[in-house]
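Below is one structure, written out as C-alpha cells; the observations come after it.
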Amino acid sequence: MHISWDMTPARLSARRLSPETRAMISRLRTALIYVVLGLGALVMVAPFLWMFTTSFRPVAEAFTLPARWLPGLDSGLESYRRLLASDVPIGRFFWNSTVLATSVTLGYVATTTIAGYAFARLRFPLKNALFALLLVSLMVPIQTTLVPLFLLMRWLGLVDSQWSIIVPGLTGAFAPGMSGVFGIFLMRQFFLTLPKDLFEAARVDNAGHFRTFWSIAVPLAGPQIAALSVIIFTMTWNDYFMPLIFLNSVNQMVLPVGIMSIRDPVGNSSATSEVIAAVSLSILPVLLVFLVAQRWIIDSFVRAGVKG
Amino acid sequence: MAKIANDPAAGWFSPQNRRETIAGLLFIAPALIGFAVFVVGPMVATVVFSLMKYDLFSSPSFVGLANFEAMLDDRRLWKVLGNTAFFAVFAVAGNVGLGVVLAVLLNRNMSKTVQYAYRAAFFFPSLVGLIFVAVIWQFLFQRDIGVINYYLGLVGIEPVRWLSSARNALWSVIILDIWKNVGFAMLIATAGLQSISKDYYDAARVDGSSSLRTFWQITLPLLSPTILFLLTMNTIGAFKVFESIVVLTNGGPGDASRSLVMYIYEQGFKSFNMGYASAISLLLLTITVIVTAIQFALSKRWAFYE
C-alpha cells in the first residue's frame, strides 16, 4: 500500500477530530515525551548516584544487590577513612591534579587570548598565512606526535615532572585533549564581534597596543575567558593520556593515573570501595562547578555552537 | 570598509605601522613558538622516526619503508583497525542520532527550569573524565555483582557477559561512549536548532504539517550543516578511543576490543618499537585527514546552507 504523508495521524486528526480531542492528544503526546526524557535523564544520572551511594555504604555491604540508590541511615565514611589511611597518597594526587590543571589553564588561556586578539584586531605581515597554518594543525591528533614529544621531554629532562605537561600548555601549543588552536580560534571569533569604535577611541588616546588589549578587550571578554578556562581546566583535570606517558612515579601522579594504579581486580570489595571513594572525590570539583554554574555553562556551549 | 590606521601600502615597518606590526608579532609569538616546538617539530620527527628502527636504548637506524611494509603483514594491526572502525560507526551513529533527537525533543516550549534540568542531566557526563566514569561502569557491567545484569534479571534476561565475551566487549565500550558523549552532541544540535528561523515552522503550522513531517522536511535539512560538523568531530574523536577500553576490557578478551591508539601506545611505550609506533601514528593522521577532506567535499553538495 502506498503511504503518503497526508495519511499521518496528525493530518487525519486535523481533519476529523474536534478541537478538544486534538488538544488532548497533543497534551498526551507532550506527557509521553516528558516521561521518555525523564527515563533517559535517569539513565544519565544513575551511575553517579550509584557511585556516591556506594561510597557511603559500609564496605562489607558495598556490592550487595539489589543496589540501593539513596544513602541510608547506616551510611558512613568507612570507605573514605580506609582510603585516607591506606598507603595510597590520594591527597598528593589531588594536589598534583590541582597544580597541573591550574597552571595549564592560566598559561593556555593567557597565551591563546592574546594571540586570538592579535589575529582579530592587529595587522601584521603573514597574519592570514600563519592563522591558516594553525587551523591545519587542528587535524593533528596528539597521538601522532607522541613518540617525538616523549623524546623531546626526555631530552629536556622533564619526564616525570609536571612541567612536561605544563610547558606545552603555557605556550598554548595544546592543552591535554585540546589543540592550542581551539583557544586562539574561540577568542579570535569573540574579538571580531567587538565594535571597531572601541579600539579607534583607544587609538585616538594614543594608548599602546598592550594597554588597549588589557584595559579594553580583556574586560569585555570576561565571560568568554571564563568559559574557555572552565573547558581547559576540566579537560586537564580529566586527562589520562598525557600524564600516563609523562608522569610515572607515585609522587608525580595525577588523579586519573593514580586511580588506575590502585584499581584492583573486581571482587576484592574493600579495595574496590576505596577506588569508588577516590573516584567520588575526583569527580567532586567538576560536579560542584557544574552545579554552581550549570545554566551559564550550558548557555555558553549553546552560544559557542551558534557562532561556530 | 572603515578607515584603518595601519596601511600596508606604506610598508609594514614604516613609522606609522611599525608599532602595530611589532605588537602583533609579539602577541602571537608565544603560541607560535610553542606550536613550532611542540606540534610542527614532533610532526616532522614522527615522519622521520617512521623510517627508522628505534628502541629508545640503542641508537636509531634507518630502515626505509620497512615499518610500512610490516604494517601490511601485521594481522593485529588490521584487527585493531577493524575494531576501531566498528566502534566509530556505531558510537558516532548513536551519539549524533540520539543527540539530535534529544535536542529536538527538548527544544519545544516547556518550563525553562525543567528544560535546564533535562539538559544538565544529559550533559553532565560529558564534563567528567573518561577514566572516572569508566571505572564506575566497570562495576555496573559486572556479570554477577553488576547492577545492569541485576535489573535485566528482574525482567527475566540471563546474566550478560558484558566485558568478558569477545562478542559483547566492544558493544559495552560503545554503550559507555554514547552515555558519556550524547549530551555534548545534544548541546551542539540545540545550538543549530536555535539558529533556524521560526518562520519555517510557522509556515509548516499553517499548512497543518505533522510534527514528524516538519522534522523530516524542515528541521533535518536545515540542521544538516550542524549534523555534518557533529559527524566529522565525532568520527575523528572516535578513532582516538583509548581510556574507556583500557579501563573496561584492557583490549580483551584477546584483541577483541583493542583500539588503534592502544596499539600505538603498546608498540611505542611497552614494546619500545618507536619507529613502528610512529608509522602507525601516521595511519591515524591519514584517517583524520581523510575524514576531514570528506566533510569538506560533502559540505558543498549535501549540507544545506541558508
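Throughout, a chain's letter reflects where its sequence line sits, starting with A, and its residues are numbered from 1. Please read these numbers as outputs of a predicted model, since none were measured by experiment.
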Practice task
Locate the shortest heavy-atom distance separating A:V45 from B:A121; write the atom from each residue and the value.
Solution key: CG2-CB, 4.0 Å
Handout entry: Flag side-chain contact, heavy atom, 4.5 Å: A:I142 against B:K240
Key = no
Completion exercise
Per-residue tally against chain A (heavy atom, under 4.5 Å) across B:Y150, B:W179, B:F184, B:F239 peaks at B:W179
Problem - chain A contacts, top residue of B:V128, B:L282, B:L154, B:V246 (heavy-atom pairs, under 4.5 Å) - result: B:V128
Exercise for the section: Sort A:Y117 into side chain, backbone, both or neither according to what part of it lies under 4.5 angstrom from a heavy atom of chain B. Expected result: side chain
Practice task
Any chance you could lay out the side-chain contact (heavy atoms from CB on, under 4.5 Å) test for B:F122 and A:V43, step after step, and finish with the verdict?
Solution key: CA-CA 9 Å; B:F122 283 105; A:V43 171; over 6 Å; no
Problem - Backbone N/O of B:L127 and side chain of A:N238: donor-acceptor pair under 3.5 Å - result: yes
Handout entry: Check: B:E20 side chain, A:R123 main-chain N or O, donor-acceptor pair, under 3.5 Å
Key = yes
Practice task
Select one option (side chain, backbone, both, neither) describing which atoms of B:I236 are under 4.5 Å from chain A's heavy atoms.
Solution key: neither
Problem - Residue part contacting chain A, namely of B:I28, when any heavy atom lies under 4.5 Å - result: both
Handout entry: Heavy-atom pair of closest approach, residues B:F132 and A:P256
Key = CZ-CG, 3.7 Å
Handout entry: Contacting region of A:R121 [heavy-atom separation from chain B under 4.5 Å]
Key = backbone
Exercise for the section: Quick one: closest heavy-atom pair of A:P47 and B:I136, and the distance? Expected result: O-CG2, 3.6 Å
Handout entry: Contacting region of B:F35 [heavy-atom separation from chain A under 4.5 Å]
Key = both
Completion exercise
Looking only at B:V48, B:V39, B:L105, B:L26, the option with the highest number of non-hydrogen pairs under 4.5 Å against chain A is B:L105
Exercise for the section: Apply side-chain contact (heavy atoms from CB on, under 4.5 Å) to B:Y116 and A:I298, showing your working. Expected result: CA-CA 8 Å; B:Y116 269 109; A:I298 289 179; 4.3 Å; yes
Handout entry: Heavy-atom proximity to chain B below 4.5 Å, by part of A:L130
Key = side chain
Problem - Worked check of side-chain contact (heavy atoms from CB on, under 4.5 Å) between A:D239 and B:E243 - result: CA-CA 9 Å; A:D239 188 47; B:E243 283 103 324; 4.2 Å; yes
Fill in the blank from the handout: Cut-off 4.5 Å, heavy atoms of chain B, and the answer for A:Q294 is side chain
Fill in the blank from the handout: Between the CD1 atom in A:I33 and the CZ atom in B:R108, the distance rounded to the nearest 0.5 Å is 3.5 Å
Practice task
Check whether any side-chain heavy atom of B:P125 lies under 4.5 Å from a side-chain heavy atom of A:M44, and answer yes or no.
Solution key: yes
Completion exercise
Ranked by heavy-atom pairs below 4.5 Å to chain B, first place among A:V147, A:L170, A:L255 goes to A:V147
Exercise for the section: Might you point out which heavy atoms bring B:F38 and A:L149 nearest each other, and give the distance in Å? Expected result: O-CD1, 3.7 Å
Fill in the blank from the handout: If one checks every heavy atom of B:F229 against chain A at 4.5 Å, the contacting part turns out to be neither
Fill in the blank from the handout: Bottom line for A:I245: the part with an atom under 4.5 Å from chain B's heavy atoms is side chain
Handout entry: Side chain A:T145, main chain B:M43, donor-acceptor under 3.5 Å
Key = no
Problem - Min side-chain heavy-atom separation B:V40-A:V140 under 4.5 Å - result: no
Fill in the blank from the handout: Here the gap from A:Q143 atom CD to B:I280 atom CD1, rounded to the nearest 0.5 Å, amounts to 13.0 Å
Completion exercise
Among A:L287, A:V167, A:L152, the residue with the most heavy-atom pairs under 4.5 Å to chain B is A:L287
Completion exercise
Between B:L25 and A:P125 the two heavy atoms that sit nearest each other are CD2-O, 4.4 Å
Handout entry: Segment of B:V289 engaging chain A (4.5 angstrom heavy-atom cut-off)
Key = both
Problem - chain B contact via A:F290 - side chain, backbone, both or neither, heavy atoms under 4.5 Å - result: side chain
Exercise for the section: Identify which part of A:T30 has an atom lying under 4.5 Å from any heavy atom of chain B, answering side chain, backbone, both or neither. Expected result: both
Exercise for the section: Report yes if the side chains of B:V147 and A:W50 come closer than 4.5 Å at any heavy-atom pair, otherwise no. Expected result: yes
Handout entry: Pairwise side-chain contact, A:M51 with B:V135, heavy-atom cut-off 4.5 Å (strictly under)
Key = no
Exercise for the section: May I ask you to check whether A:F150 and B:F269 place their ring centres under 6.0 Å from each other? Expected result: yes
Exercise for the section: Check step by step if side-chain contact (heavy atoms from CB on, under 4.5 Å) holds for B:T113 and A:R295. Expected result: CA-CA 10 Å; B:T113 313; A:R295 286 196 168 205; 4.1 Å; yes
Practice task
Return the option, out of A:L134, A:T112, A:V36, with the maximum number of heavy-atom pairs under 4.5 Å with chain B.
Solution key: A:L134
Problem - Residue part contacting chain B, namely of A:L146, when any heavy atom lies under 4.5 Å - result: both
Exercise for the section: Check each atom of B:Y118 against the heavy atoms of chain A and say whether the ones under 4.5 Å are side chain, backbone, both or neither. Expected result: side chain
Exercise for the section: Would you check if the distance from the ring center of A:F48 to the ring center of B:F124 is below 6.0 Å? Expected result: yes
Practice task
Give, as side chain, backbone, both or neither, the part of B:T286 having an atom under 4.5 angstrom from any heavy atom of chain A.
Solution key: neither
Practice task
Among the options A:L37, A:V181, A:I184, pick out the one with the most heavy-atom pairs lying under 4.5 Å from chain B.
Solution key: A:L37
Completion exercise
A:P148 and B:F49 have their tightest heavy-atom pair at CG-CD1, 4.0 Å
Problem - B:V37 side chain reached by A:T171 side chain, heavy atoms, under 4.5 Å - result: no
Exercise for the section: Would you mind checking which part of A:I114 comes under 4.5 Å of any heavy atom in chain B, side chain (CB onward), backbone (N, CA, C, O), both or neither? Expected result: both
Problem - Residue, of A:T234, A:L291, A:T144, A:V279, that accumulates the most heavy atom pairs under 4.5 Å with chain B - result: A:T144
Exercise for the section: Please determine, among B:I22, B:L187, B:T226, B:L32, the option with the most heavy-atom pairs under 4.5 Å with chain A. Expected result: B:L187
Problem - Portion of B:Y54 that has a non-hydrogen atom of chain A nearer than 4.5 angstrom - result: side chain
Practice task
Tell me, for B:V247 versus chain A, whether the close heavy atoms (under 4.5 Å) come from the side chain, the backbone, both or neither.
Solution key: both
Handout entry: Parallel, tilted or perpendicular, as decided by the 30° and 60° cut-offs, for the rings of A:F210 and B:F27
Key = perpendicular
